[in-house]
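To start, the structure under review is shown below, and the notes come after it.
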Amino acid sequence: MSTRVRFAPSPTGYLHVGGARTALFNWLFARHTGGKLILRIEDTDKARNTPEAVQAIYDGLNWLGIDWDEGPLKGGDHGPYFQSERDAIYQKYFDILVASGRIYEDHGTMRFKTYRGNTTVEDVICGNVTFDMSNPVTNPDMTIRRPDGGWIFHFVNVVDDIEMKMTHVIRGEDHLSNSPKHVQLYEALGAKPPLFGHIPLILNKDGSKMSKRDQGASVQSYIEGGYAPEAVINYLCLLGWSPKDNREKLDLSEITPLFELENVNRRNAHFDLDKCFWLNGQYLAQMSLARFRDLSLPFIQKAGIVIDDEEKLLEALAIVKEKIKHLGDVPDWISYFFTDAYPYDEASVEKTLKKPGALDNLQALREAYANVSTWDAATLENSLKETAAARGVKTGELIHPARVAASGRSVGPSLYHLLEVLGKTKVLDRFATTVTRFS
RNA sequence: GACCCUAUCGUCCAGAGGUCUAGGACACUCCCCUUUCACGGGAGUAACACGGGUUCGAAUCCCGUUAGGGUCACCA
């Protein structure tokens with residue numbers, strides 16, 4: 001039998017990293033087992049759901065590259081995939097429950113009588129967990145329908161998992177204590193419960209619960225923050241799972257064949273943005289220039305940099321690619337290639353240009369560069385070193401002013417490559433402008 | 001409070017009774033490379049929560065304690 005799993009988020013306005021990881025583990029399980037991943041939107045709480053919130057889920061999953069086989073925008077044989085549109089189905093199952101005698105009314109709500117005995121949840125990750133359901137205080141009868149006729153999570157969740165023929169339910173560990181109740185619902189409905197896989201939660205680095213506002217909590221923050229989706233995916237996979245051979249950087253095609261639900265850890269993971277950041281740098285440095293360009297473009301446009309020369313853009317990106325850890329840094333690192341109105345970093349000006357002799361050195365370098373026969377990094381390096389030697393100063397005395405004069409800043413790509421890409425005319429102009437401006 | 005899950009460096013992950021004087025990664029410190037920044041290379045600091053068992057032998061198995069997390073909604 002082919003496996004079927006689902007990601008069933010509630011549209012709350014954003015996609016939480018924990019939810020993203022749940023989706024990811026479901027995706028990995030489906031792909032690994034050759035099964036299907038279903039997306040189902042759990043929007044039974046009318047008061048809280050908006051179309052924008054649903055869109056945030058699509059956007060987050062799309063960005064991460066997590067695709068689904070059945071669900072909204074995709075269709076399938078088990079729809080509709082919005083719970084708000086499945087009322088007739090719920091009514092049908094509700095009638096079965098009523099007929100079983102397990103339903104009673106309480107202040108207008110409909111409640112499901114809990115069976116007061118041991119109930120076992122078969123869990124692939126946690127092992128079989130048996131709950132003693134005899135205490136009505138800890139395990140009260142579940143409310144499954146509101147006075148206004150609206151359905152409640154526990155019921156619709158189980159009904160849909162039956163109707164959509166789920167073989168496994170992979171979800172956050174926060175649901176583990178709910179699961180025995182769900183198992184009872186399956187049994188009352190005459191269905192065999194699926195196999196569960198409760199994955200540990202993601203907490204903040206200090207162990208506190210991750211809330212909406214915490215750093216790195218929403219997928220949107222990675223999109224806006226300059227992360228490559230493959231880096232975030234990779235990091236998320238490493239939270240609670242590992243390839244067992246100490247590899248850190250792996251892509252989905254490498255992870256999929258290795259991913260076994262049984263090997264998912266049981267302990268909560270503390271989120272470490274530093275490592276995600278590092279991984280991002282690794283991905284940026286190693287990805288193709290074409291992809292780096294595509295990922296950088298939105299940030300370049302947002303910064304208002306006008307690119308009139310695609311060749312120049314690729315040249316500029318090529319020399320900064322391996323040094324950048326964050327796509328959000330791209331504009332600052334390349335703006336001076338495309339405009340002469342780049343800002344001068346105050347601290348760098350103070351430290352290098354205002355240094356005695358700096359402008360004289362710069363002027364000398366300009367003269368040397370005006371006379372070079374070829375304009376490439378190697379030539380520029382040699383020329384700079386010769387100039388330094390001739391003047392009896394360290395090369396650093398020329399490097400620093402040259403960098404600030406050419407780019408306005410003291411950090412960036414290799415100076416000689418920077419100058420090569422910038423071009424002879426601009427370099428000579430900027431050296432001259434700088435000498436005049438700071439004399 | 002009751003019930004459930006968990007417990008290896010600050011963090012993530014290896015370790016499924018002897019190969020562990022516990023390995024890798026991030027972060028941090030130092031050194032080398034580069035007379036920028038960074039990358040890269042090398043080194044270092046740093047952990048089996050505690051107490052009992054079981055066993056010839058335990059990070060690994062069992063029990064307890066402690067700690068953290070979760071659930072106990074007309075939220076999902």
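Naming convention: chains lettered A, B, ... in sequence-line order (proteins, then strands); numbering from 1 in each chain. It should be emphasised that the depicted structure is a prediction, and the values quoted were computed from it without experimental measurement.
Atom-to-atom, CG of D274(A) to P of rC28(B) comes out at 7 Å; the value is rounded to the nearest Å.
Taking atom C1' on both nucleotides, rA49(B) is separated from rU66(B) by 8 Å, rounded to a whole Å.
Among the atoms of the strands shown, none is found under 4.0 Å from any heavy atom of H198(A). Within the nucleic acid shown, Q282(A) comes within 4.0 Å of sugar-phosphate atoms alone, with no base atom in reach, counting heavy atoms only. Within the 4.0 angstrom heavy-atom criterion, only backbone atoms of the sugar-phosphate kind lie near G240(A); the bases stay farther away. K321(A) comes within contact range of no nucleotide atom at all, as no heavy-atom separation falls under 4.0 Å. At the heavy-atom level, P9(A) lies nowhere under 4.0 Å from the strands shown. Heavy atoms of D132(A) sit nowhere under 4.0 angstrom from any nucleic acid atom. The residue K394(A) sits close to a base: some heavy atom pair falls under 4.0 Å. L415(A) comes within 4.0 angstrom of a base, heavy atoms only. The residue E248(A) sits close to a base: some heavy atom pair falls under 4.0 Å. Using a 4.0 Å heavy-atom distance criterion, S414(A) is classed as a base contact. Residue T143(A) is classed as a sugar-phosphate contact, given heavy-atom separations below 4.0 Å to backbone atoms only.
Residue K205(A) places no side-chain N or O under 4.0 Å from the OP1 or OP2 atom of rC26(B). Between N268(A) and the phosphate of rG68(B), there is no side-chain N or O to OP1/OP2 separation shorter than 4.0 Å.
Candidate nucleotides rU35(B), rA76(B), rC74(B) were compared by shortest atom distance to the side chain of H175(A), and rA76(B) ranks first.
In this structure, rG17(B) makes no Watson-Crick or G-U wobble pair, since no nucleotide meets both defining distances under 3.5 angstrom. Here rA22(B) sits opposite no nucleotide as a Watson-Crick or G-U wobble pair (both hydrogen-bonding atom distances under 3.5 Å).
Below the 3.5 angstrom threshold, one finds a donor paired with an acceptor across the side chain of K323(A) and the base of rC37(B).
With no hydrogens or angles considered, a side-chain donor-acceptor pair links S179(A) and R171(A) at under 3.5 Å.
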**Candidate pair V330(A) and L317(A), rule side chain to side chain contact (heavy atoms under 4.5 Å, CB included), full reasoning** = CA-CA 8 Å; V330(A) 170; L317(A) 290 177; 3.9 Å; yes
